[in-house]
Amino acid sequence: MHLDLSGRTALVTGSSQGIGLAIATGLARAGARVAVNGRKQSTVDEAVARVRAAGGEAVTAVADVASEQGAADLAAQLPEVDVLVNNLGIFGAEAPLEISDDEWRRYFEVNVLTAVRLTRTYLPGMTGRGWGRVLNIASDSALVIPAEMIHYGVSKTALLGVSRGFAKEAAGTGVTVNSVIAGPTHTGGVEDFVYQLVDRSLPWEEAQREFMRLHRPQSLLQRLIEPEEIANMVVYLSSPQASATTGAAVRVDGGYVDSIVP
């Protein structure tokens, strides 16, 4: 299957590292011009250089999109996009009864409202042009709420609802809106998270196995997913070949969610 995004502009939020960078690289390899987003010019510049080194076209989009002003600044830099990937998110372990109101609000602001604002910004242009893709990077935690980070799981559950609702708004326009349910994925941030829950003296490979055994035993993959595996699904859903998939929550979770339906 040849996935060709030539002539399309894609924006991936939070793409200076981790899953976001893998997605940006995958979209660029498929021919898209990719806007790499982050808060710091230096880290965005480094990420753009990595995307270009992989053979893709990339531009910088420096903005703190977790705020209203940052979203407006980004829209001024990049007035139109054909593919919007709302990847930016925060996560962390915290005892359920110790999560403050402010922390609940912060997770909702970053993990939900950021995607809402940018969809509200770019969806009208997509529907007006008769083609577009909006993809929200959710998590297995949206369906299997982890006891150690309820606030994160609930924010990702809300993101699934946001995706379905905007898909209905885009009905019949040639624009699709979907969620990608990512399973436990190997990134630098996740390494830090794993070491919050297992012995820090363990070598990484052993720590990873211990984390999966104790905290994610239902994974059928029995390992962390690599960012490129998430990116592969995003590139497909961004392509013309995925034109009949909308309003969906597509799983790349290593069989973590114990369900026979998406």
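As the structure is a prediction and not an experimental result, all values here were calculated from the model. All values below come from the heavy atoms of this structure, side chains included, with hydrogens, waters and symmetry mates left out.
Atom CG of Leu197 sits about 11.5 Å away from atom CG of Asp192, to the nearest 0.5 Å. Between the CD1 atom in Ile19 and the CD1 atom in Ile230 there is a gap of 5.5 Å [rounded to 0.5 Å]. In this structure, CE in Met212 is found 11.0 Å from CG in Leu214, a value given to the nearest 0.5 Å. Rounding to the nearest 0.5 Å gives a distance of 8.0 Å between OG of Ser219 and CG of Asp253. The CD1 atom of Ile181 lies 8.5 Å from the OG atom of Ser139; values are rounded to the nearest 0.5 Å. Annotation: the span from Arg29 atom CZ to Leu5 atom CG amounts to 14.0 Å, rounded to 0.5 Å.
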Working for side-chain contact (heavy atoms from CB on, under 4.5 Å), residues Asp258 and Gln218 | CA-CA 7 Å; Asp258 191 6; Gln218 60 270 54; 5.7 Å; no

Stepwise salt bridge (Lys or Arg N to Asp or Glu O under 4.0 Å) test for Arg106 and Glu94 = CA-CA 14 Å; Arg106 185 169 77 95; Glu94 193 162 352; over 6 Å; no

Worked verdict on Ser6 versus Asp4 for side-chain hydrogen bond (donor to acceptor under 3.5 Å, both in side chains) | CA-CA 6 Å; Ser6 299; Asp4 186 5; 2.6 Å; yes

Take Phe91 and Val190, measure what side-chain contact (heavy atoms from CB on, under 4.5 Å) needs, and give me the verdict at the end.
-> CA-CA 9 Å; Phe91 65 93; Val190 167; 3.9 Å; yes

Passes side-chain contact (heavy atoms from CB on, under 4.5 Å), Gln41 versus Thr60? Steps please.
-> CA-CA 8 Å; Gln41 186 72 53; Thr60 62; 4.1 Å; yes

Starting from the C-alpha separation in whole Å, work towards a yes-or-no answer on side-chain contact (heavy atoms from CB on, under 4.5 Å) for Thr245 and Thr176.
-> CA-CA 7 Å; Thr245 303; Thr176 65; over 6 Å; no

Let me see the working for Asp73 and Gln69 under side-chain hydrogen bond (donor to acceptor under 3.5 Å, both in side chains), right down to the final yes or no.
-> CA-CA 6 Å; Asp73 292 343; Gln69 184 58 54; 2.8 Å; yes

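With Arg216 contributing its side chain and Phe211 its backbone, the two residues share no donor-acceptor pair below 3.5 Å. A donor-acceptor distance shorter than 3.5 angstrom exists from the side chain of Thr185 to the backbone of Gly183, with no hydrogens or angles considered. Looking at Thr43, its side chain does come within 3.5 Å of a backbone N or O of Lys40 through a donor-acceptor pair. Put simply, the side chain of Arg251 gets close to the backbone of Val261: a donor and an acceptor are under 3.5 Å apart. Panel note: side chain Lys156, backbone Ile137; a donor-acceptor pair is recorded below 3.5 Å. Under the 3.5 Å distance criterion, the side-chain polar atoms of Tyr256 are left unmatched by any main-chain donor or acceptor of Leu221. A distance-only check finds no donor-acceptor pair linking the side chain of Glu80 to the backbone of Gly125 [under 3.5 Å]. The main-chain N or O of Thr9 is found under 3.5 Å from a side-chain atom of Asp82 such that the two form a donor-acceptor pair.
Heavy-atom contacts from other residues, nucleotides or ligands closer than 6.0 Å to CG of Asp199 number more than 12. Within a 6.0 Å sphere centred on CD of Glu226, other residues, nucleotides and ligands contribute more than 12 heavy atoms. Environment of CD in Glu191: crowded, with over 12 heavy atoms of neighbouring residues, nucleotides or ligands closer than 6.0 Å. The 12-atom threshold is not exceeded at CD of Glu98, counting heavy atoms of other residues, nucleotides or ligands nearer than 6.0 Å. Arg8 CZ: more than 12 foreign heavy atoms inside a 6.0 Å radius.
At least one side-chain heavy atom of Asp101 sits less than 4.5 Å from a side-chain heavy atom of Arg105. Looking at heavy atoms from C-beta onward, Leu237 lies out of side-chain contact with Arg133 at the 4.5 angstrom threshold. Annotation: side chain of Leu11 is in contact with side chain of Asn37 (closest heavy-atom distance under 4.5 Å). Looking at Leu74 and Thr121, their side chains never come closer than 4.5 Å, going by heavy atoms from C-beta outward. Counting only heavy atoms from C-beta outward, the side chains of Tyr122 and Val134 never approach each other to under 4.5 Å. Side-chain contact check for Glu148 versus Gln196: every heavy-atom pair is 4.5 Å or farther apart. Looking only at side-chain heavy atoms (C-beta outward), Val162 and Asn86 stay at 4.5 Å or farther from each other. Considering only heavy atoms from C-beta on, Gln241 comes within 4.5 Å of Leu3 through its side chain.
Of all non-hydrogen atoms in Gly254 and Ile225, the two that sit nearest each other are N-CD1, 3.8 Å. Residue Gln77 comes nearest to Ala63 through the heavy atom pair NE2-CB, 4.2 Å, listed as atom of the first residue, atom of the second, then distance. Considering all non-hydrogen atoms of both residues, Ser238 and Leu27 come closest at OG-CD2, 3.7 Å. In terms of heavy-atom proximity, Ala248 sits nearest to Asn178 at N-OD1, 2.9 Å. Of all heavy-atom pairs between Ala30 and Val235, the closest is CB-CG1, 3.9 Å. What you find for Gly20 and Asn87 is that their closest heavy atoms are CA-ND2, 3.4 Å.
Salt-bridge formation is detected for the pair Arg117/Glu109: a Lys NZ or Arg NE/NH1/NH2 atom is positioned less than 4.0 Å from an Asp or Glu carboxylate oxygen. Arg213 and Glu210 are joined by a salt bridge, as a carboxylate oxygen and a charged side-chain nitrogen come within less than 4.0 angstrom of each other.
By the rule that hydrophobic residues join a cluster once side-chain heavy atoms approach within less than 4.5 Å of another member, Ile145 and Val257 end up as members of separate clusters. Follow the hydrophobic side-chain contacts under 4.5 Å out from Val250 and you never reach Val177; the two are in separate clusters. Cluster annotation: Phe193 and Tyr195 are assigned to the same hydrophobic cluster (Ile/Leu/Val/Met/Phe/Trp/Tyr, side-chain heavy-atom contacts under 4.5 Å, transitive).
His151 and Tyr107 have tilted rings, their planes meeting at an angle from 30° to 60° on a 0 to 90° scale.
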